[in-house]
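In this chain, numbering begins with 1 at the start of the sequence shown.
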Amino acid sequence: MGDSYTIGTGASDASLAWPSIIAAKLESATGTPVELTNPAVNGYTTDDLIEHELPLIERNKPDLVTVLIGVNDLVRGRSAEHYRAKLGQIYDAIAALSLPAGRVAGISIPTWSYVPAARDYGGAERVDALTRLLNETAREEAAARRFTWVDIGPASLSGVGTNGWVAGDDLHPGDAQYAAWAEAIWPAVKAAF
């Protein structure tokens, strides 16, 4: 569940978005077919996720849920308190599924203050400070529900400056960055299976 980072905007193919990579790794590791449902949409905020994505969890009965949401709350100027309340609502609905331990993963907002488009949202320092604030909020909310927490910040910085690390829109990740995120997320997800 999430926004453009979860749907894989900037990837050259949907199979190169991090959820697709995780699904392929899970299928390979377990030898069991995996059906990926990725309802994420560009531009979605926590409010949008609640309205449009959250109803799918009851219908789909997932075995694993990942949530990466918040960057659009940040760029639209929503407060950390608003984010906490909405994310809490999302996490509570997912917790009601009573999935086995490790089957829900909160994923941090990546570090994106270095991308050229960050200047359009107040500059690198502002973007970095707000991203850290929302990530701390999300980490706390995940911990309160005993969800797995994965900080992809280091992975999102691991290839800065390399060709194709940032997509042509100067905002979203490229294929290599999504692959790096998947490598950071996979160990936490794999442990639950």
* To do: Check the pair R139, D151 against side-chain contact (heavy atoms from CB on, under 4.5 Å), reporting the backbone distance first and the verdict last.
  => CA-CA 9 Å; R139 187 197 60 74; D151 179 4; over 6 Å; no
* Structure fact -> Nearest heavy-atom contact between P187 and A184 is CD-O, 3.6 Å
* **Donor on one side chain, acceptor on other, W112 and Y121, under 3.5 Å** => no
* To do: First locate atom CG of L87, then atom CD of E141, and finally report the distance between them rounded to the nearest 0.5 Å.
  => 6.0 Å
* Residue pair I109 / Y5: nearest heavy atoms and the distance that separates them -> CG2-CE1, 4.4 Å
* Structure fact -> Interatomic distance, OG1@T46 vs CZ@R76, rounded to 0.5 Å, equals 10.0 Å
* Structure fact -> G8 and A17 have their tightest heavy-atom pair at CA-CB, 3.7 Å
* To do: Test side-chain contact (heavy atoms from CB on, under 4.5 Å) on W18 and I107 and set out the steps.
  => CA-CA 11 Å; W18 69 264; I107 312 297; 4.0 Å; yes
* CA sep, side-chain torsions, deciding dist, call: V189, K25, side-chain contact (heavy atoms from CB on, under 4.5 Å) -> CA-CA 10 Å; V189 170; K25 286 178 174 290; over 6 Å; no
* Tell me, which pairs form a ring pair (Phe, Tyr, Trp, His ring centres under 6.0 Å) where one or both residues lie in residues 83-105, sequence neighbours left out? -> Y91-F147
* Apply the test side-chain contact (heavy atoms from CB on, under 4.5 Å) to residues D120 and L171: give CA-CA distance (whole Å), side-chain angles for both, the deciding distance (0.1 Å), then the verdict. => CA-CA 10 Å; D120 299 333; L171 175 62; over 6 Å; no
* To do: Take atom CG of N163 as the centre, draw a 6.0 Å sphere, and report whether it contains more than 12 heavy atoms from other residues, nucleotides or ligands.
  => no
* May I ask you to decide whether D73 forms a salt bridge with K86, counting only side-chain N to carboxylate O separations under 4.0 Å? => no
* Asked: Do S156 and Q177 touch side chain to side chain, with heavy atoms closer than 4.5 Å?
  -> yes
* Any Lys/Arg nitrogen of E81 or R84 sitting under 4.0 Å from an Asp/Glu carboxylate oxygen of the other? -> no
Do any side-chain atoms of residues 48-60 form donor-acceptor pairs under 3.5 angstrom with protein atoms, and if so which ones, sequence neighbours left out?
| from | atom 1 | to | atom 2 | distance (Å) |
| --- | --- | --- | --- | --- |
| D48 | OD2 | T45 | N | 2.9 |
| D48 | OD2 | T45 | OG1 | 3.1 |
| E53 | OE1 | G2 | N | 2.9 |

* Distance-minimising heavy-atom pair for G70 and L134 -> O-CD1, 3.6 Å
* Would you say P62 and T37 make side-chain contact, with heavy atoms under 4.5 Å? -> no
* Asked: How long is the gap from OG on S15 to CG on D175, to the nearest 0.5 Å?
  -> 8.5 Å
* **Least distance between heavy atoms, A167 atom then G10 atom** => CB-CA, 3.6 Å
* To do: Indicate the atoms forming the closest heavy-atom contact of A155 with W165, along with that distance.
  => O-CZ2, 3.2 Å
* So among T131, V127, D128, which one has a side-chain contact (heavy atoms from CB on, under 4.5 Å) with T111? -> D128
* Asked: Does T137 reach the main-chain N or O of L133 with its side chain, forming a donor-acceptor pair under 3.5 Å?
  -> yes
* Quick check: does any side chain N or O of S20 sit under 3.5 Å from a backbone N or O of A14, one acting as donor and the other as acceptor? -> yes
* From D63 atom CG to F193 atom CZ, the distance as rounded to the nearest 0.5 Å -> 6.0 Å
* Structure fact -> Across all chains, not counting sequence neighbours, the salt bridge (charged side-chain N to carboxylate O under 4.0 Å, His left out) partners of D92 are R145
